[in-house]
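Note that the structure is a prediction, hence the values are computed from the model and not measured.
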Amino acid sequence: MADKARARRLAKRIAQIVASAIEHEIKDPRLGNVTITDARLTGDLRDATVYYTVLGETLDAAPDFAGAAAALESARGVLRTKVGQGTGVRYTPTLAFVADNIPSEARNIDDLLAKAREADAEVARQATAAQPAGEPDPYKPPKSADDED
């Protein structure tokens, strides 16, 4: 089993090699909007999981996850060859591609933050018109000499 630091360095290098190959060498148009977000290696350095995300052509267009997955699957052998050439390790790890859900999670977090801001604004509106409960001076005045009678 390799040390974890070496596995992290190799995973980072694999992500760089795959991203560069997708951008410059693979001529599949379905991979035009694919971004490699992360790569992870098993402890024995035999299997690599490459995480990717797909952007739409425009901001309103839905991304083509199925097309990107098919294109990555068809380019898996070429990408593994590039990884083997670029890393120089004895055994080139197998590649598995997994769609990363970072954009959907980011949208979910943005929605939750917007709801929290609205709730904070509502509390602030209510606080401006609020009156304290009870008497204006809740403390008892000190006893004077006249009160002792």
Is it the case that R76 places NZ or CZ above or below the six-membered ring of F97, under 6.0 angstrom from the centre and within 45 degrees of the axis?
no

For the CD atom of E25 and the CD1 atom of I17, what is their distance to the nearest 0.5 Å?
10.0 Å

So CZ of R8 and NZ of K12: to nearest 0.5 Å the spacing works out to 11.0 Å

G67 versus R30, closest heavy-atom pair with distance:
O-CD, 3.6 Å

Quick check: do T94 and R80 have side-chain heavy atoms less than 4.5 Å from each other?
yes

Work out which heavy atom in P63 is nearest to a heavy atom in L55; give both atom names and the distance.
CB-C, 3.9 Å

Distance from T92 atom OG1 to R90 atom CZ, nearest 0.5 Å?
12.0 Å

Closest non-hydrogen atom pair between L72 and I22, with its separation
CD2-CD1, 3.7 Å

Write down the atom of L41, the atom of A7, and the distance for their closest heavy-atom approach.
CD1-O, 3.6 Å

About how many Å separate CG of D110 and NZ of K115, when rounded to the nearest 0.5 Å?
12.5 Å

With heavy-atom distances below 4.5 Å as the criterion, would you say the side chains of T35 and D100 are in contact?
no

To the nearest 0.5 Å, how far apart are CG in L95 and OG1 in T81?
9.5 Å

Nearest 0.5 angstrom please: R6 CZ to K4 NZ, how far?
15.5 Å

Carboxylate-amine/guanidinium contact E122 R125, below 4.0 Å
yes

Below 4.5 Å, heavy atoms only, C-beta onward: do L10 and L45 meet side chain to side chain?
yes

Closest heavy-atom contact between P93 and D47?
CB-N, 4.1 Å

Where do I14 and A48 come nearest, in terms of heavy atoms and distance?
CD1-CB, 4.2 Å

